[in-house]
*Asks:* 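Take a look at this one; I'll ask things after.
When a residue number appears, it is its place in the shown sequence, counting from 1. Please read these numbers as outputs of a predicted model, since none were measured by experiment.
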Amino acid sequence: MARSTHRRSVLALVLLSLLAEEPMHPYRMHEMIKERGKDKIANVGARNSVYQTIDRLVRAELIAVRETARDERRPERTVYEITDTGWAALREWTADMLSAPAREYPEFPAALASVMVLAPEDVTARLERRAADLRTAMAADREAMTVVPDLPRLFLLDEEYSIAVREAELAWVEGVLAALRSGELTWSAAWIREVAERFA
């Protein structure tokens, strides 16, 4: 199969997956993303992002206009469908994203790299808040998985992964908190200067 030259994104992948199920209009896509909890993996905070991605997919000929629906009570709605090229891109992107870790730039590791600008007690308080938020998020994820009790595991893999990642992060954060509380992990401005001079 020829490699796709189209720029991929998580939101584009999610939209192509929805259109692989059936043709639909952008508002329905946006609502289904939220209903299925896929807004945890694709940023649709601004509805405009869905429309912009759809425009890009149309220009790349990965999707096409199927029809324009007119209803007296609603504004005109354009229904889109996935193309053969879109199917190929969807399969290729999914395979690539599954097999090759991407270089991502999350905020948390960046904050950890700068943690010494805060006092140890402030870091402790912030990580305690993060640990509490992680516990709340995991409980919500577990609850979401029970909403449709007979849903096959195949459709819950992303939720399972999210919980597993949060569990691992929580265990790590709790380990760092234990080291902070015991004094094993601590620092001061003078100590940081000393380390900087030693490794300069």
*Asks:* As an exercise, state the distance from CG of Leu118 to CH2 of Trp187, rounded to the nearest 0.5 Å.
*Replies:*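 That separation rounds to 7.5 Å.
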*Asks:* Applying salt bridge (Lys or Arg N to Asp or Glu O under 4.0 Å), run through Glu167 and Arg142 and close with a yes or a no.
*Replies:* CA-CA 12 Å; Glu167 284 174 342; Arg142 287 191 177 102; 2.3 Å; yes
*Asks:* Say whether, by atom type as modelled, one donor and one acceptor occur between the side chain of Thr186 and the main chain of Gly183 under 3.5 angstrom.
*Replies:*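 Absent.
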*Asks:* Tell me the closest heavy-atom pair linking Ser99 and Pro101, and the distance in Å.
*Replies:*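 Smallest heavy-atom distance, with atoms named: O-CD, 3.8 Å.
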*Asks:* Given side chains that start at C-beta, do those of Asn43 and Ser49 come closer than 4.5 Å, heavy atoms only?
*Replies:*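 No, too far: nothing below the 4.5 Å cut-off.
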*Asks:* Checking Thr146 side chain against Glu143 main chain: does a donor-acceptor pair fall under 3.5 Å?
*Replies:*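 It does hold such a pair.
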*Asks:* May I ask you to decide if Val44's main-chain N or O and His30's side chain share a donor-acceptor pair within less than 3.5 Å?
*Replies:*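 Yes: the side chain of His30 pairs with the backbone of Val44.
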*Asks:* Is the side chain of Thr68 donor-acceptor paired with the backbone N or O of Thr78 at a distance under 3.5 Å, no angle test?
*Replies:*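 Between the backbone of Thr78 and the side chain of Thr68 there is no qualifying donor-acceptor contact (under 3.5 Å).
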*Asks:* If I take atom CG from residue Asp84 and atom CD from residue Glu61, how far apart are they, to the nearest 0.5 angstrom?
*Replies:*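 Atom-to-atom, Asp84:CG and Glu61:CD are 11.5 Å apart.
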*Asks:* Side chains of Arg8 and Glu92, heavy atoms from C-beta outward: is any pair under 4.5 Å?
*Replies:*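 Answer no - side chains too far apart.
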*Asks:* Taking only residues at least two apart or on different chains, which pairs with a member in residues 178-193 satisfy salt bridge (charged side-chain N to carboxylate O under 4.0 Å, His left out)?
*Replies:*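 Listed by first then second residue: Glu128-Arg181.
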*Asks:* I would like to know whether Arg126 and Asp122 meet salt bridge (Lys or Arg N to Asp or Glu O under 4.0 Å); could you show each step before the answer?
*Replies:* CA-CA 6 Å; Arg126 303 290 172 156; Asp122 192 14; 3.1 Å; yes
*Asks:* Nearest 0.5 Å, what's the CD1-CD distance between Ile82 and Glu22?
*Replies:*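 It is 13.0 Å, given to the nearest 0.5 Å.
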*Asks:* Would a distance-only check, ignoring hydrogens and angles, find a side-chain to backbone donor-acceptor pair under 3.5 Å from Thr83 to Leu62?
*Replies:*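 Present.
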*Asks:* Report yes if some heavy atom in the side chain of Met138 is under 4.5 Å from a heavy atom in the side chain of Ser162; otherwise report no.
*Replies:*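 No, too far: nothing below the 4.5 Å cut-off.
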*Asks:* The test is side-chain contact (heavy atoms from CB on, under 4.5 Å); show your working for Arg28 and Glu35 and say whether it passes.
*Replies:* CA-CA 10 Å; Arg28 179 68 183 132; Glu35 285 168 16; 3.4 Å; yes
*Asks:* Hey, is Arg130 close enough to Glu174 for a salt bridge, meaning N to O under 4.0 Å?
*Replies:*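 Result for this pair is no, no salt bridge flagged.
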*Asks:* Between Glu31 and Arg36, does at least one N-O distance fall below 4.0 Å, as a salt bridge requires?
*Replies:*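 Not counted as a salt bridge, because no side-chain N and carboxylate O are separated by less than 4.0 Å.
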*Asks:* Using side-chain heavy atoms (C-beta onward) and a distance below 4.5 Å, is Ser17 in contact with Leu90?
*Replies:*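 Of all side-chain heavy-atom pairs linking Leu90 with Ser17, at least one is under 4.5 Å.
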*Asks:* To the nearest 0.5 Å, what is the distance between CD (Glu67) and OH (Tyr80)?
*Replies:*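 Result: 12.0 Å between the selected atoms.
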*Asks:* Less than 4.0 Å between a side-chain N and a carboxylate O, is that true for Arg166 and Glu169?
*Replies:*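 Salt bridge between Glu169 and Arg166, a charged N being under 4.0 Å from a carboxylate O: no.
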*Asks:* State the OH-OH distance between Tyr51 and Tyr27, to the nearest 0.5 angstrom.
*Replies:*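 So the OH of Tyr51 and the OH of Tyr27 are separated by 9.0 Å.
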*Asks:* State plainly whether one hydrophobic cluster holds both Val14 and Leu98, where clusters connect Ile, Leu, Val, Met, Phe, Trp and Tyr through side-chain heavy atoms under 4.5 angstrom apart.
*Replies:*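 No, because Val14 and Leu98 fall into different hydrophobic clusters, even though each may have its own neighbours under 4.5 Å.
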*Asks:* Roughly how far, to the nearest 0.5 Å, is the CE atom of Met32 from the CG atom of Leu15?
*Replies:*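 With rounding to 0.5 Å, CG (Leu15) is 11.0 Å from CE (Met32).
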*Asks:* Say whether Val148 and Ile41 are linked into one hydrophobic cluster, either directly or through other cluster members, by side-chain heavy-atom distances under 4.5 angstrom.
*Replies:*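 No, separate clusters.
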*Asks:* May I have the list of side-chain donor-acceptor pairs in residues 149-159 shorter than 3.5 Å, sequence neighbours left out?
*Replies:*
residue : atom : partner : partner atom : Å
Arg153  : NE   : Glu160  : OE1          : 3.1
Arg153  : NE   : Glu160  : OE2          : 2.8
Arg153  : NH2  : Glu160  : OE1          : 2.9
Asp158  : OD1  : Lys38   : NZ           : 3.1
Asp158  : OD2  : Lys38   : NZ           : 2.6
Glu159  : OE1  : Lys40   : NZ           : 3.2
Glu159  : OE2  : Lys40   : NZ           : 3.3

*Asks:* Taking the basic N atoms (NZ, or NE/NH1/NH2) and the acidic carboxylate oxygens, is any pair closer than 4.0 Å for Arg59 and Asp55?
*Replies:*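 Looking at Asp55 together with Arg59, the answer is no, because their closest N to O distance does not fall below 4.0 Å.
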*Asks:* In the single-linkage hydrophobic clustering (I, L, V, M, F, W, Y; side-chain heavy atoms under 4.5 Å), do Ile33 and Val79 co-cluster?
*Replies:*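 In one cluster: no.
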*Asks:* Out of curiosity, does Ile54 fall in the hydrophobic cluster containing Trp87 (side-chain heavy atoms, cut-off under 4.5 Å, transitive links)?
*Replies:*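 Same cluster: Trp87 reaches Ile54 through Ile, Leu, Val, Met, Phe, Trp or Tyr contacts under 4.5 Å.
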*Asks:* If hydrophobic clusters are built by linking Ile, Leu, Val, Met, Phe, Trp and Tyr wherever their side-chain heavy atoms come under 4.5 Å apart, do Met97 and Val165 end up in the same one?
*Replies:*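 No, it is not one cluster - the side chains of Met97 and Val165 are not joined through contacts under 4.5 Å.
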